[in-house]
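Written out below as structure tokens is the structure these notes cover.
Just so we're on the same page: letters track the sequence lines, and every chain starts at 1.
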Protein chains: 2
Amino acid sequence: MNAQTDIKPYVIGLDLGGTNSVFGIVDSRGDIKATTAIKTQGFDKVEDYVNASVEALQVIIEQVGGIETIKAMGIGAPNGNYYNGTIEFAPNLSWGHHGVVPLAKLFSDRLGIPVALTNDANAAAIGEMIYGVARGMKNFIVITLGTGVGSGIVINGQLVYGCDGFAGELGHVIMKRENGRACGCGRNGCLEAYCSATGVARSAREFLLKSDEPSLLRDMNPDDITSLDVSIAAGKGDKLAKEVFEFTGDMLGAACADFAAFSSPEAFIFFGGLVKAGDLIMEPIKRSYDEKVLPIFRGKAKFLISGLDGASAAVLGASAIGWEI
Amino acid sequence: MNAQTDIKPYVIGLDLGGTNSVFGIVDSRGDIKATTAIKTQGFDKVEDYVNASVEALQVIIEQVGGIETIKAMGIGAPNGNYYNGTIEFAPNLSWGHHGVVPLAKLFSDRLGIPVALTNDANAAAIGEMIYGVARGMKNFIVITLGTGVGSGIVINGQLVYGCDGFAGELGHVIMKRENGRACGCGRNGCLEAYCSATGVARSAREFLLKSDEPSLLRDMNPDDITSLDVSIAAGKGDKLAKEVFEFTGDMLGAACADFAAFSSPEAFIFFGGLVKAGDLIMEPIKRSYDEKVLPIFRGKAKFLISGLDGASAAVLGASAIGWEI
């Protein structure tokens, strides 16, 4: 990262989500200078998506002084492969679900700048290292608690991509080997099946069924309960809702204890919607971790909440990959 | 590793075990040019241990042409901390169990060469990368199946030490969260409690108790059964002994599936006494892994047996750290 001395002071970040594609032009301090967005869907061909993107981008590129001021572009995208700059078999993208899409090359050819691409959790990890709470850290793990559970792992100051570009799928370690919940990946008992936002909502429904504890959540149609509802109820002191967070945090702490045995990180950094529950989720994670981790690691790791600004965190994360090229 | 062009063609390796300390002088091809050994125990003070070691070493150092031919020394030792060159609270060492012993510095001061130290599983991983089956690989995991289960993890061509020097304790990920076996670490359900040599012997005793299947192992006093006995019986086609290896391999495959979600290695390399069982253990590992791993990783990782010569593998591994200094 030689942004400060480089004559090109900006990078472009693209947070490519299932619904929206948000672009930002970011300086080396993590200040977003300009932003724009398009709908991700509605394009049959990836070329049409790239055309629409570049058209929107050109406006904000001019705002910051033209393409000459831009060092590179980073993309955070589902099923993103860093090594190839491709999106591979992304089930939720109309133009990307049937094969391997060379998205980094397509943008690079159009814009004339280097473009790198990875998945959103890896982008978040680089974002924390460059702009966030992991500045100066060489060994840490970012765990994203959103619709799914994702992760970005940094070891010796480098993101872990593995032999194929797909390392860091910590949402899919098995936490319950017998009678585990079905996971979207087709297997059972994954961390994600319990500790994602949808997992938390599912836990709430299960807890409501198996006890007759009074709860604010009983006023709702069970199928409508979201993790935010559980969070709000727990914030009001609802015992059952708090038990759901205890259960979730207990499992996340147990998972982190296993991750410590792998890479002994300096910090675990939590990111995403569920983190808004604050201590309701963080305290059980820390308690469970300290109780379960191998004694040699006890008390060493920090448990932090993402330092990236919520609304723009994903764009910042994506842009951060641009500095790493 | 610039051994070939260096005028100092050798490194010293020390395999520091609970009983014996074995020294070898090794060239860059992994040929052991000279070897010696002393008893590890029987010294009250670490200085006495180092004195005895240096006395033994001087003989073989002269054999290869004097200390001027030696680039560095690598030590593989229990509870070895690479960052500090220390052995920390090693329970089995008479001169090392009560604190932090700066062993690398003590040897370096006496020999006048750089000395690095790590645990034996990490040493094995570096050994595989420099002399063994992992030559040319940048992402792999060595799993040692001996008295305990150890591991050395290489990511982006570097050994993973973590924030404190103690990363890579994969024998202590939890494989059974409910009613798990007691582990030597004081917790329950660790991989090591099932898949170490002692774990295999324990599984055999459990299997004998819970079935009335005829078995060659019934001719023995249950307390005397070792993993080697199980291996020999299985090799003769003993059904119960084969089931013990199926059970052990099944769990190792499940563990490797979780490890793949972490670092997506190119290969898992197995090392240590249990590996002598060959396909009896390797086939169930591979079968279980392919069945359980996240689909995106299926069929990508190789499952290999250590390429280091059995008798001298630990010395070779230790010496390999010397090239990395």
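The most heavy-atom pairs under 4.5 Å with chain A, out of Tyr161(B), Phe140(B), Phe166(B), come from Phe166(B). Top candidate by heavy-atom pairs under 4.5 Å with chain B, chosen from Ile296(A), Asn79(A), Ile174(A), Leu294(A), is Leu294(A). Interface check for chain A: of the options Lys138(B), His172(B), Arg177(B), Glu88(B), the most heavy-atom pairs under 4.5 Å are formed by Arg177(B).
For residues 149-159 of chain B, the interface with chain A (any heavy-atom pair closer than 4.5 Å) comprises Ile153(B), Ile155(B), Asn156(B), Gln158(B), Leu159(B), sorted by residue number. For residues 256-263 of chain A, heavy-atom neighbours of chain B at less than 4.5 Å comprise Asp258(A), Phe259(A), Ala261(A), Phe262(A), Ser263(A), sorted by residue number. Residues of residues 115-123 of chain A lying within less than 4.5 angstrom of chain B, judged on heavy atoms, are absent.
Proximity to chain A is absent for every atom of Ala301(B), based on heavy atoms less than 4.5 angstrom apart. Neither the backbone nor the side chain of Ala267(A) comes within contact range of chain B, judged by heavy atoms closer than 4.5 Å. Contact of Met175(A) with chain B is made through backbone and side chain together, with heavy-atom distances under 4.5 Å. If you measure heavy-atom distances from Lys300(B) to chain A, the contacts under 4.5 Å come from the side chain alone.
A 4.5 Å side-chain heavy-atom check between Asp164(A) and Phe297(B) finds at least one atom pair inside the cut-off.
For Glu128(B), the side-chain hydrogen bond (donor to acceptor under 3.5 Å, both in side chains) partners two or more places apart in sequence, or in a different chain, are Ser306(B).
Closest approach of Cys163(A) to Pro265(B), counting heavy atoms only: SG-O, 3.7 Å. The two atoms that bring Pro295(A) and Arg187(B) nearest to each other are CD-CD, 4.4 Å, heavy atoms only.
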